Chemist: 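Before I ask anything, let me first share the structure, which is written out below as structure tokens.
Below, all heavy atoms of this structure are taken into account, side chains as well, without hydrogens, waters or symmetry copies. Computed from a prediction, not measured in an experiment: that's the story for all the values here.
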Amino acid sequence: MSELTLTVMRLGFLAVLWLFVIVAVQVIRSDLFGTRVTQRGSRRDAGRPQQAAARQAPPQQRQQPAGGRARRNAPTKLVVTEGTLTGTTVALQGQTITLGRAHDSTIVLDDDYASSRHARIYPDRDGQWIVEDLGSTNGTYLDRSRLTTPTPIPLGAPIRIGKTVIELRK
């Protein structure tokens with residue numbers, strides 16, 4: 001083997017080793033200090049003015065589902081009923097709602113039992129809302145049963161993620 005090839009291999013190994021060390025330090029740092037939590041309604045709504053305005057708009061001005069008419073028993077909001085965010089309400093307007101510890105989630109869960117990208121709630125083509133676990137460690141529960149596949153959410157059924165419980169309501 002030539003000396004040049006051996007030097008390139010040593011430098012490549014050194015670069016991979018440093019990359020591993022940097023990633024390990026970032027993981028340890030995020031475990032020790034957690035994720036940065038922003039105040040509700042300040043920076044988050046400033047970055048998304050159309051969503052903030054839609055949440056504050058009266059019910060008559062909210063958009064209807066794709067079919068043009070709202071279903072009679074269709075949920076209109078997602079409500080946190082237990083946990084640190086009790087009372088938080090998110091209007092359902094056909095967009096995907098992400099749940100987890102990541103700062104860019106729709107509902108940021110400050111819960112040791114929640115993953116960064118824990119679950120998502122989204123509408124299907126029929127206007128039914130679906131909950132899907134995104135490979136979380138501790139699981140997502142719909143009415144006491146652990147989710148393994150995307151599952152339709154009945155109105156008022158509790159969705160449990162760690163210590164947080166969420167329900168769809170009219």
Chemist: Are L142 and I97 linked, directly or through intermediate hydrophobic residues, by side-chain heavy-atom contacts shorter than 4.5 Å (ILVMFWY only)?
Modeler: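 Yes, one cluster joins them.
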Chemist: Report yes if some heavy atom in the side chain of L85 is under 4.5 Å from a heavy atom in the side chain of L109; otherwise report no.
Modeler: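 Yes - at least one pair of side-chain heavy atoms lies under 4.5 Å apart.
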Chemist: Is there a path of hydrophobic side-chain contacts, each under 4.5 Å between heavy atoms of I/L/V/M/F/W/Y residues, joining I130 to I159?
Modeler: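 I159 does not cluster with I130.
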Chemist: Are V16 and I22 connected in the hydrophobic side-chain network, where two residues link if heavy atoms are under 4.5 Å apart?
Modeler: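 No, because V16 and I22 fall into different hydrophobic clusters, even though each may have its own neighbours under 4.5 Å.
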Chemist: Using every non-hydrogen atom in the two residues, find where G139 and S136 come nearest and quote the distance to one decimal.
Modeler: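 Minimum heavy-atom separation between G139 and S136: N-OG, 3.1 Å.
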Chemist: Charged N to carboxylate O below 4.0 Å: is that the case for D133 and R117?
Modeler: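 A salt bridge is absent here (no side-chain N lies under 4.0 Å from a carboxylate O).
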Chemist: Any chance you could measure S116, atom OG, to R101, atom CZ, to the nearest 0.5 Å?
Modeler: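 It comes to 6.5 Å.
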Chemist: Out of curiosity, E82 CD to E167 CD, how far, rounded to the nearest 0.5 Å?
Modeler: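 Rounded to the nearest 0.5 Å, the CD-CD separation comes out at 8.5 Å.
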Chemist: Is the closest side-chain heavy-atom distance between T76 and L92 below 4.5 Å?
Modeler: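 Side chain of T76 against side chain of L92, heavy atoms only: no contact under 4.5 Å found.
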Chemist: Check whether any side-chain N or O of T98 sits under 3.5 Å from a backbone N or O of T96 as a donor-acceptor pair, and report yes or no.
Modeler: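 Answer holds: no.
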Chemist: Just how far is it from atom CG of L155 to atom CG of L168, taken to the nearest 0.5 Å?
Modeler: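 One finds 7.0 Å between CG of L155 and CG of L168.
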Chemist: Please answer whether the main-chain N or O of V108 pairs with a side-chain N or O of S105 as donor and acceptor at a distance below 3.5 Å.
Modeler: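 Pair absent, no side-chain N/O of S105 close to backbone of V108.
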Chemist: Could you point out which residue of V80, T106, L134, I121 forms a side-chain contact (heavy atoms from CB on, under 4.5 Å) with L99?
Modeler: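 Result: among V80, T106, L134, I121, I121 is the only option passing the side-chain contact (heavy atoms from CB on, under 4.5 Å) with L99.
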Chemist: Does the cation-pi check pass for R120 over Y122, that is, NZ or CZ under 6.0 Å from the six-membered ring centre and within 45° of its axis?
Modeler: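 Checked: cation-pi criterion met.
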Chemist: Would you indicate whether the side-chain heavy atoms of T140 and R146 approach each other to under 4.5 Å?
Modeler: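 Not in contact.
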Chemist: Less than 4.5 Å apart, any side-chain heavy atom of Y113 and any of I161?
Modeler: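 Not in contact.
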Chemist: Test of understanding: clusters of I, L, V, M, F, W, Y form through side-chain heavy atoms closer than 4.5 Å, transitively. Do W129 and V165 belong to the same one?
Modeler: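 W129 and V165: separate clusters.
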Chemist: Identify whether I166 and V90 are in the same connected component of the hydrophobic contact network (ILVMFWY, side-chain heavy atoms under 4.5 Å).
Modeler: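 I166 and V90: one cluster.
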Chemist: Are the side chains of K170 and P75 in contact, using a 4.5 Å heavy-atom criterion?
Modeler: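 When only atoms from C-beta onward are counted, K170 and P75 do not touch, as no gap falls below 4.5 Å.
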Chemist: If we ignore hydrogens and angles and just use 3.5 Å, is the side chain of D126 paired with the main-chain N or O of Q128 as donor and acceptor?
Modeler: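 Checked: no pair found.
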Chemist: Give, for atom CD of E132 and atom OG1 of T148, the distance between the pair rounded to the nearest 0.5 Å.
Modeler: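 Rounded to the nearest 0.5 Å, the CD-OG1 separation comes out at 11.0 Å.
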Chemist: Can you check whether P158's main-chain N or O pairs, donor with acceptor, with D143's side chain at less than 3.5 Å?
Modeler: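 A pair under 3.5 Å: no.
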Chemist: Is there a side-chain contact between N138 and R160 in this structure, where contact means two heavy atoms from C-beta onward sitting under 4.5 Å apart?
Modeler: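 A side-chain contact is absent here, since even the closest heavy-atom pair is not under 4.5 Å.
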